[in-house]
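All remarks here apply to the structure that follows.
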Protein chains: 2
Amino acid sequence: MNIVHFLCTEIDFMGTTERKAREKEELRALILKAARKLFVEKGIGQTTIRNIADSIDYSIGTVYVYFRDKNEILHALHTQSFVDLRGQLKVLINVKDPMERLKAMGKVYISFGLDNPEMYDLMFTLKAPMEFLETIQKDEWDEGKASFDLLKTTVQQCMDNGHFKGHKLEPLCFLIWSCIHGMCSLEIGSRTKNVNIKNPENIVTDAYDEFLIIISNL
Amino acid sequence: MNIVHFLCTEIDFMGTTERKAREKEELRALILKAARKLFVEKGIGQTTIRNIADSIDYSIGTVYVYFRDKNEILHALHTQSFVDLRGQLKVLINVKDPMERLKAMGKVYISFGLDNPEMYDLMFTLKAPMEFLETIQKDEWDEGKASFDLLKTTVQQCMDNGHFKGHKLEPLCFLIWSCIHGMCSLEIGSRTKNVNIKNPENIVTDAYDEFLIIISNL
DNA sequence: TTGAAAAATGAACATTGTTCATTTTCTTTG
DNA sequence: CAAAGAAAATGAACAATGTTCATTTTTCAA
């Protein structure tokens with residue numbers, strides 16, 4: 001093999017390598033998209049690898065070429081969802097007043113949760129995708145922490161404006177997050193269980209109004 | 001069969017029937033106890049019917065004589081756990097001041113959740129035991145509602161004492177419950193995922209302190 | 001065109017929930 | 001006490017699902 005051959009080979013090789021890598025990434029994304037669709041449609045627990053493979057006309061084995069196991073699929077969608085949530089929250093940097101921004105963040109968060117209950121469960125209540133985590137990345141939670149940091153920054157700015165006197169930043173943020181998450185969690189739970197405490201439609205809305213009154217006066 | 005025979009038979013029949021019923025109840029309770037033990041030890045998802053049967057030296061089939069399916073076991077433990085929670089909360093009627101009682105209820109609730117994370121998940125985050133509910137009782141959530149009523153009564157008494165002015169009872173109660181539940185849920189979630197936001201040990205305690213400050217001033 | 005590397009495949013296995021025909025144990029009765 | 005009938009217990013067998021891996025198909029540089 002002379003130098004010309006080497007160069008040509010190298011160029012071709014790089015070209016196809018790139019394309020192959022792109023195609024792999026595309027199929028991976030296709031699998032994730034199909035999985036997400038089925039998860040939303042029929043629930044995570046009721047969706048099988050065979051379902052996912054069938055829905056994109058690939059074989060079971062192919063799914064396992066691109067994902068080590070079902071948990072890795074859940075894991076990837078978990079990360080995606082956090083990126084999505086953070087994306088929706090980041091838009092609110094346009095709201096200058098931090099207290100108004102905080103209120104808006106809560107509303108966006110709740111809408112996100114109640115509009116995508118299956119994904120919300122995947123993010124917060126499902127245990128599976130995180131067990132045996134020692135294997136790979138620990139950084140999928142970095143996205144969650146980034147969202148939490150968005151909250152912290154906003155609350156800090158509220159404090160700078162004289163709000164939340166006598167409160168500590170980190171615990172207060174955890175409390176606020178717990179409030180909002182708790183509402184989503186209980187509402188999603190009672191929806192899937194068809195057991196609503198009362199006012200099925202508006203209980204979260206009404207409770208969030210109470211929340212707004214309370215933090216406005218802090 | 002004459003009248004004496006009938007009476008004797010009837011008496012014997014009732015005697016053994018009672019004993020049989022008691023034995024059935026005992027075995028049912030034994031299965032539940034074994035299931036709960038295994039659930040706590042190795043997690044609900046990792047516990048199989050075979051595990052449960054083995055642990056009490058009965059066969060798989062026997063478990064299915066006493067429980068229609070795994071969901072019915074989860075369902076029974078779900079109800080038991082709510083009875084347990086309500087029992088712990090009911091003790092607090094001794095606390096006369098409703099605001100103090102409310103604070104104590106939160107503490108008891110959090111301890112209950114963090115001390116029995118697996119059972120807490122079963123009560124609030126697990127979907128399985130409640131799906132296809134149309135089959136049997138809808139009343140297992142009555143226990144949950146009873147606990148919620150305990151909260152409502154206490155908050156109402158706080159209102160009678162001049163607290164929570166400008167707030168509506170039901171939404172406020174839902175908000176309070178969401179706060180406490182949210183803390184438990186997030187804490188349990190981050191524990192099982194070995195991913196803690198910060199101050200792993202005390203974040204809930206610190207956040208609950210913030211909660212106390214806030215509601216004390218309402 | 002060809003041969004090797006990459007990708008895709010699906011048969012096969014392991015686990016688990018579940019069923020049910022059979023076996024075992026218990027109870028009543030003659 | 002013996003036998004029949006009822007109740008309880010059993011575990012082999014089935015179905016569904018996650019997973020593996022030897023084989024087949026496709027791709028692509030030479």
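By convention in this document, chain letters (A, B, ...) are assigned in the order of the sequence lines, proteins followed by strands, and residues within each chain are numbered from 1.
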Calculate the interatomic distance between A:I31 atom CD1 and C:dA7 atom P; express it in whole Å.
-> 13 Å

Find the distance B:I60:CD1 to D:dC14:P and express it as a whole number of Å.
-> 15 Å

Hits for side chain to side chain contact (heavy atoms under 4.5 Å, CB included) against A:S81, two or more places apart or cross-chain, chain-then-number order -> A:R36, A:M119, A:M123

Side-chain contact check for B:V65: nearest option of C:dT18, C:dT9, D:dA9 is D:dA9

The side chain of B:S59 lies closest to which of these nucleotides: D:dT19, D:dG11, C:dA8?
-> D:dG11

With sugar-phosphate meaning primed atoms plus P, OP1 and OP2, does B:I73 contact a base, only sugar-phosphate, or nothing at under 4.0 Å between heavy atoms?
-> nothing

Can you find a side-chain donor-acceptor pair between A:R86 and A:S147 that sits under 3.5 Å?
-> no

Rounded to the Å, how far apart are A:Q46 CD and D:dA15 P?
-> 20 Å

Just jot down the side chain to side chain contact (heavy atoms under 4.5 Å, CB included) partners of A:C179, sequence neighbours excluded, or say none.
-> A:F211, B:L175, B:C179

Starting from P on D:dA16, measure out to NZ on B:K70 and report it in whole angstrom.
-> 18 Å

Calculate the interatomic distance between A:Y66 atom OH and D:dT19 atom C1'; express it in whole Å.
-> 18 Å

Considering only heavy side-chain atoms of A:T62, the closest of C:dT9, D:dG18, D:dA8 is C:dT9

Take B:T47 and A:Y58, find for each the nucleotide of DNA chain C with the closest heavy atom, and name the residue whose nucleotide sits nearer the 5' end.
-> A:Y58

Residues at least two apart in sequence or cross-chain that pass disulfide (SG to SG under 2.5 Å) with A:C184, listed by chain then number, are none

Expressed in angstrom and rounded to an integer, what is the separation of B:E23 atom CD from D:dA9 atom C1'?
-> 13 Å

Can you tell me the distance, in whole Å, between the CG atom of A:D69 and the P atom of C:dA14?
-> 19 Å

Residues that B:Y120 engages under ring pair (Phe, Tyr, Trp, His ring centres under 6.0 Å), provided they are two or more places apart = B:Y109, B:F124, B:H181

Classify the nucleic acid contact of B:F67 as base, sugar-phosphate or nothing, counting any heavy atom under 4.0 Å across all strands shown.
-> nothing

Can you check the B:K24 NZ to C:dT25 P distance for me, whole Å?
-> 19 Å

Would you please confirm or rule out a distance under 4.0 Å between OP1 or OP2 of C:dT19 and any side-chain N or O of B:Y64?
-> no

Taking only residues two or more places apart in sequence or in another chain, which ones pass side chain to side chain donor-acceptor pair (under 3.5 Å) with A:T47?
-> none

Tell me, which of residues 48-57 of chain A have any heavy atom that sits under 4.0 Å from an atom in DNA chain D?
-> A:T48, A:I49, A:R50

Taking B:Y208 for the side chain and B:K107 for the main chain, is one N or O donor matched with an acceptor at less than 3.5 Å?
-> yes

